[in-house]
Amino acid sequence: MHRLRTTVARLRPLTAAQTAQSLSQPRTLGVEGGLRTFQPVRRQNTSVAAEPFLNGTSSNYVEEMYYAWLENPRNVHKSWDIFFRNANAGAPPGAAYQTPPPLNGTTQGLTSVQALVGAQPNVEKLVEDHLAVQSLIRAYQVRGHHIAKLDPLDISCVDFDDAPCTVRGHHMAQLDPLGIMAADVKPTPSDITTSHDKLGLYGLAESDLDKVFRLPTTTFIGGNESALPLREIIRRLESAYCQHIGVEFMFINDVEQCQWIRQKFETPGVMQFSLEEKRTLLARMIRSTRFEEFLQRKWSSEKRFGLEGCESLIPALKTIIDKSSQSGVESVIMGMPHRGRLNVLANVIRKDLDQIFCQFDSKLEAADEGSGDVKYHLGMYHKRMNRVSKRDISMSLMANPSHLEAVDPVVQGKTKAEQFYCGDTEGKRVMSILLHGDAAFAGQGIVYETFHLSDLPSYTTHGTIHVVVNNQIGFTTDPRMARSSPYPTDVARVVNAPIFHVNADDPEAVMYVCNVAAEWRNTFHKDVVVDLVCYRRNGHNEMDEPMFTQPLMYKQIKKQKGVLQKFAEKVIAEGVITMQDYEEEVARYDKICEEAYTRSKDEKILHIKHWLDSPWPDFFTLEGQPKSMNCPSTGISEEELSHIGKIASSVPVEDFTIHGGLSRILKGRANMVSQRVCDWALGEYMAFGSLLKEGIHIRLSGQDVERGTFSHRHHVLHDQNVDKRICIPMNHISPNQAPYTVCNSSLSEYGVLGFELGFAMASPNALVVWEAQFGDFHNTAQCIIDQFISSGQAKWVRQNGIVLLLPHGMEGMGPEHSSARPERFLQMCNDDPDVFPKLSEDFAMRQLYDCNWIVVNCSTPANYYHVLRRQILQPFRKPLIVFTPKSLLRHPEAKSSFDDMLPGTHFKRIIPDDGPAAANPEKVKRILLCSGKIYYELTRERNNRGMDDTVAVVRVEQLSPFPFDLVKAETERYPNADLVWCQEEHKNQGYYDYVKPRIRTTINHSQPVWYAGREPAAAPATGNKQTHLTELQRLLDTAFDLEAFSGKA
Ligand SMILES: Cc1ncc(C[n+]2csc(CCOP(=O)(O)OP(=O)(O)O)c2C)c(N)n1
Ligand SMILES: [Mg+2]
């Protein structure tokens, strides 16, 4: 009862005092970066209460009139009707009242008013009805999109049915995938009042349609009016939510964000465009459409994955870019799949048309080294003036592999890097746009992984605009078979991104939602999705026959008028443009294409370089070559080593309490520094610290990297008394140092590695490091490794210096966590096993320059330190794969002296034996070549067996590119020795298959290369500790049995 009374009170007109108060306190919305103010929604009461002809005694009467009017405007005299309507519309005091008609005998109106006087309105019913109307409004806000006319073909296959997929359902879907036969595939939600009989659900009747209802504050359909007849309420809701735009947003937890969206879509008349805007839209549609038609005319038998059926993608993107540029965005980084890519390059990025057209000439020779790539994978960078905002904007479209959605995290990483380098902490200057296909968006897990980066402090790009080309098909598979969610966009709901579905055959609606999407991103800095519901006019590509698999859909498509034609007819009919203007505009663009086509024939050579998405202008010479072929010493001075060592063993802020265990670790470090030695963690510290001091930004990202999975790193210290208070000593090395970013990542490999790869693309002057928790987990990022890291430069002439740290080693921990799968990385190296290379002064550098990536397994902290520093000091960039140790992190022998890190020292590609064997090489009977941690097991065993002078142990630290020159020197040093490759990994794994042919080439096949190691196996390691130890002993026995291979040649 209390609630009822309060509700009624809210329906009553306010007093003047209340009104004044409510007006002086506009509702404010807290938004990041400032406060925004909404106009007060209720204004009707102001004028009612302040009417000059009202006084205390008449107010009861007015209230009764008002209730009666609310029930049905016809219940009151026309004059009261006009008065309440005017008051609702916000008429100022005095203006709402209009004199009633004179009393001249026709007293009908007056009689009905008089009849009401004294009658008590049914308050309870009134409240119920109002609540019902509120529910109804909410139903439209939540589910209006279910019945929006989103599908240009009108055969929508969105399945809102929550029932499980049954056998019948399956058959039904097979027979009628698009729901053409099954009318009930897309049932109207029961709470959406598409017909008046549904009003019953709310306890309303058709007779209520003309009753006026006060609107709740959660709707903007009233515009300036705060009460509307039910009929009008429904009409306005349908117009806001059920036409060509379907808005999904009611899952958003933030009320202000919901209000913002409601205001954007509900406010009457909100979707109106000026003549100028309509003309620009038409011009963009012409370019988009005629570009594809031109390509089709000239190269009818070439695959290009045309945009036909979704031509409005081009104005969509341009609208987003215009709007964002107007709000201050200076750089847009885009990622997209095949569909419409050439069109985007031509009409959004504005790549020269002749450059695009010459890609179709199969006779052109490539000017660049490497494989190159097909035209619909290449990237592009371009800076130009945005005509709408009159500001410069640079745009890059990232090159990408065929693997759909793989580029998503890469785009995000590059965006983050650009934001970082220009100090754009809120994403106001740099933003990303990701395009998706409907099937890929729903199907690829990387989409989800990328969404989960969107709100993490070290990974957020402050909002991405996603645009889905939802042509309702993926190759030959229709949505019913391709996803279990109603929309392809449902994945975006995990981050509460609003989703704007729009019928792509309505370019104005498309333009409207794109404007709102850009404003949303600019206001809230959160992701948003634009779902362009369209169709694919041709097959998957231009050579493909879609009628084999989608006959009914394609019958419909064949009947479908092109969107440009429909839109042109509309705007010509509206008088926006004449037929003649339209035809001239079309002819003008066709001429541009023809002229570019003629020019393209003059191109004699294909330059993939012209398709670079991330140029590094000052890093190379003007010809794009490295500025030298030298790498200076990677050592640093004694003072620097001890200074960085001190930072690494201290807490460089006041009043900061660290954990007791950590104090001991830091003390241990301090001891090492005083003894001039480094363990693994300290070696890493020296490399990072010195590079930071030299102005190189370092970013270390991955799961639990801040502490280090093995608790050895501790780059972030946590105050034991103050929650969330942290200290990063690495940022206290020097006042002018570059910043150090170290960040625990989400539990994703594919997403995070892709992100870091993208980050590393933005600048050559940063060391970007991704660490896997254990090396084997890299396999869930395999796509990034295969498609980008190993082959990216060959395909897209784009270098990348990313570093992968992959903990590796057989420690008896079972099949998982043991192997970082070196064999996989080595198999993808591009050096020739069968050709001994030409040796020259700068051989080591040339070899690095020519390789696709560098693979190392360092056995000492000093060598790890050098290889990290070399990564930056070498005059070009290559990915670096490092197999990192686990037990060696604390191994007493795995320490390096400062002497090995001083100026003049370098990374050692090979570490020769430097003991008794090397002193007397003639006596040596066996060379054991190995890599990584097994070295320590071999030397211990050699020592135990007293064989220090008969067996030389040589460490191959850089596996690839293979140090042919140094292996040659080492094998020649011991003239009487046989050659054994020893590894702890199984024979079909590890390094053996890679090194064997290369060693054989090095020694000119003069002697066998024997193997000492574990037998071939399916799993990387045994799960049984005892078996592990037995296997280890067996391989050591073989390695030191000088007779093991006799007679086997
Ligand atoms: C990861 C991955 N798997 C499979 C393919 C092969 N493939 C290329 S296009 C395509 C269909 C894509 O459908 P959709 O995402 O809806 O884009 P559309 O072609 O309809 O624009 C498939 C399966 C691929 N390119 N990438
Ligand atoms: Mg598709």
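In listed order, ligands and their atoms are each counted from 1. In this chain, numbering begins with 1 at the start of the sequence shown.
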Is the distance between the ring centroids of Trp520 and Phe249 under 6.0 Å? no
Nearest heavy atom to atom 13 (O) of ligand 1: which of Gly437, Gly474, Ala440 does it belong to? Gly474
In this structure, atom 16 (O) of ligand 1 is nearest to the protein heavy atom Asp438 OD1, 2.5 Å
Please tell me whether Tyr459 and His452 form a close aromatic pair, meaning their ring centres lie under 6.0 Å apart. no
For the aromatic rings, using the six-membered ring if either is Trp, is the centroid distance between His501 and Tyr487 under 6.0 Å? yes
Using a cut-off of strictly less than 2.8 Å, determine whether Asn471 has an N/O/S atom near the Mg ion (ligand 2). yes
Numbered atoms of ligand 1 (with element) below 4.0 Å of Gln444, judged on heavy atoms: 1 (C)
Any nitrogen or oxygen of Phe441 lying under 3.5 Å from a nitrogen or oxygen in ligand 1? Just yes or no. no
shortest atom 9 (S) of ligand 1-to-protein heavy-atom contact is with His540 CE1, 3.1 Å
Can you sort out which atoms of ligand 1 are near Ala439, meaning under 4.0 Å from one of its heavy atoms? 13 (O), 14 (P), 15 (O), 16 (O)
Could you give the distance from CD1 (Ile465) to NZ (Lys323), rounded to the nearest 0.5 Å? 11.5 Å
Heteroatom test (N, O or S) for Ile473 near the Mg ion (ligand 2), limit 2.8 Å: yes
Between Ser402 and ligand 1, is there a nitrogen or oxygen pair with a distance under 3.5 Å? yes
Considering only protein heavy atoms, which is closest to atom 11 (C) of ligand 1, and at what distance to one decimal place? Phe475 N, 3.6 Å
Heavy atoms only, cut-off 4.0 Å: how does Arg536 contact ligand 1, side chain, backbone, both, or neither? neither
List the closest protein heavy-atom neighbour of atom 21 (O) of ligand 1: residue, atom name, distance to the nearest 0.1 Å. Arg339 NE, 2.9 Å
Would you say the ring centroid of Phe357 lies under 6.0 angstrom from that of Trp299? yes
Per residue Asp438, nearest N, O or S atom to the Mg ion (ligand 2) is named OD1
Contact region, Glu405 to ligand 1, non-hydrogen atoms below 4.0 Å, reads neither
Under 6.0 Å between the ring centres of Tyr512 and Phe265? yes
To the closest 0.5 Å, what do you measure between CD1 (Ile333) and NZ (Lys414)? 5.0 Å
Pick from Arg341, Arg297, Arg304: which one makes a salt bridge (charged side-chain N to carboxylate O under 4.0 Å, His left out) with Glu292? Arg304
Over 60° means perpendicular and under 30° means parallel, so classify the ring planes of Phe441 and His466, tilted if in between. tilted
Restricting to heavy atoms, the pick from Asn471, Leu307, Leu404, Thr477 nearest atom 10 (C) of ligand 1 would be Leu404
Between His338 and ligand 1, does any nitrogen or oxygen pair lie at a separation below 3.5 Å? yes
Closer than 4.0 Å: a protein non-hydrogen atom to atom 1 (C) of ligand 1: yes
Taking the six-membered ring for Trp and the full ring for Phe, Tyr or His, determine whether the centres of Trp796 and Phe788 are under 6.0 Å apart. yes
Nearest-0.5 Å distance, CD1 of residue Ile802 to CD of residue Glu756: 6.5 Å
